[in-house]
Amino acid sequence: MVQVLSASPEQTMAYGEKLGRVLKGGEVIAYFGGLGAGKTCFTAGLARGLGVVDDVHSPTFAIVNEYRGEIPLCHFDMYRVTTFDSLCSTGFFDYLDGRRVLAVEWSENIENALPAEHVIRLRIERGAGENERILQMTGDEAYENSWR
Ligand SMILES: Nc1ncnc2c1ncn2[C@@H]1O[C@H](COP(=O)(O)OP(=O)(O)OP(=O)(O)O)[C@@H](O)[C@H]1O
Ligand SMILES: [Mg+2]
């Protein structure tokens, strides 16, 4: 596990970008952390690191946004996805094709369906100040090293 403190949305994006640069495709970034934690913000940085060309925005209503790029990114919001059937309808399992990266907001709701490998857990908690966030990453060494 590696933990960093972010003092601004820009800094959170920068940590996302650092991680994005070392991804190869096939990884699942599983976010844990409540409303307004900074998951979408982090994903915008992740997209930049992956060489994504499309704009990142919250997939709340669509449930999944697909972004094109050197490594394509699928961005999920599982806030309302609470059953196995509804998870299947999102295309989650089809997108696990080893080529794209999946960024999954509200992974709390689908934790049991996460694959056994290639999962990077990203926990975001609020810090003491209004703009402080504590970012915790748990994954393979190579990913964790992107923040060290
Ligand atoms: N250090 C920080 N890192 C990230 N966001 C921050 C930080 N400080 C303040 N913020 C603010 O917190 C909010 C984070 O919003 P964001 O949409 O990324 O959260 P989210 O976790 O995706 O929420 P939701 O569960 O509603 O989708 C933004 O308004 C952002 O400006
Ligand atoms: Mg969000």
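What you are looking at is a predicted structure, and each value in this text was computed from that prediction instead of being measured. Values reported hereafter were calculated over all heavy atoms of this structure, with side chains retained and with hydrogens, waters and symmetry mates removed. Counting starts at 1 for both ligands and their atoms, in listed order.
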G33 near ligand 1 by a heavy-atom separation under 4.0 Å: no
Polar atom proximity, C41 to ligand 1 (N or O, under 3.5 Å): yes
No-hydrogen, no-angle side-chain donor-acceptor test under 3.5 Å, H75 and E66: no
Under-4.0 Å heavy-atom contact between protein and atom 2 (C) of ligand 1: yes
Shortest reach to atom 23 (O) of ligand 1 by a heavy atom, considering only A44, G38, G36: G36
Ligand 1 to E130 polar contact by distance, N or O atoms, under 3.5 Å: no
pair M137-S146: side-chain heavy atoms closer than 4.5 Å: yes
Closest protein heavy atom to atom 26 (O) of ligand 1, given as residue, atom name and distance to 0.1 Å: L35 CD2, 3.5 Å
Heavy atom of R133, distance to ligand 1 below 4.0 Å: yes
Heavy-atom pair with the smallest gap, counting every atom of Q11 and S6: CB-OG, 3.6 Å
Heavy-atom closest pair, residues N109 and T82: ND2-CG2, 4.1 Å
Non-hydrogen side-chain atoms of F92 and M78 separated by less than 4.5 Å: yes
W106 to ligand 1, any heavy atom closer than 4.0 Å: yes
Nearest-contact summary for atom 31 (O) of ligand 1 - protein heavy atom, Å: P9 CG, 3.5 Å
T12 contact mode with ligand 1 (heavy-atom cut-off under 4.0 Å): side chain
Residue, atom name and distance, where the atom is the protein heavy atom closest to atom 27 (O) of ligand 1: E105 OE1, 3.1 Å
Side-chain heavy-atom pair V2, L135 within 4.5 angstrom cut-off: no
T83 and L87, any side-chain heavy atoms less than 4.5 Å apart: no
Atom indices of ligand 1, in the order listed, that fall short of 4.0 Å to a heavy atom of S6: 1 (N)
Check: Y143 and N145 side chains under 4.5 Å, non-hydrogen atoms: no
Atom 29 (O) of ligand 1 within contact range, any protein heavy atom under 4.0 Å: no
For atom 17 (O) of ligand 1, closest protein heavy-atom neighbour: T40 CB, 3.6 Å
F76 side chain near Y95 side chain, heavy-atom distance below 4.5 Å: yes
Ligand 1 N/O within reach of A37 N/O, cut-off under 3.5 Å: yes
Full working for salt bridge (charged side-chain N to carboxylate O under 4.0 Å, His left out) between R123 and E108: CA-CA 10 Å; R123 187 171 298 280; E108 288 90 341; 5.4 Å; no
Test of proximity, N131 against ligand 1: N or O pairs below 3.5 Å: yes
Heavy-atom check, side chain of P115 versus side chain of V119, under 4.5 Å: yes
Short N/O/S contact of E105 with the Mg ion (ligand 2) (below 2.8 Å): yes
Metal proximity, T60 vs the Mg ion (ligand 2), N/O/S cut-off 2.8 Å: no
Nearest neighbour of atom 25 (O) of ligand 1 from the list E10, K39, M13, on a heavy-atom basis: K39
Centroid separation Y15 to W147 less than 6.0 Å: yes
Mode of Q11 contact toward ligand 1 - side chain, backbone, both, neither (heavy atoms, under 4.0 Å): neither
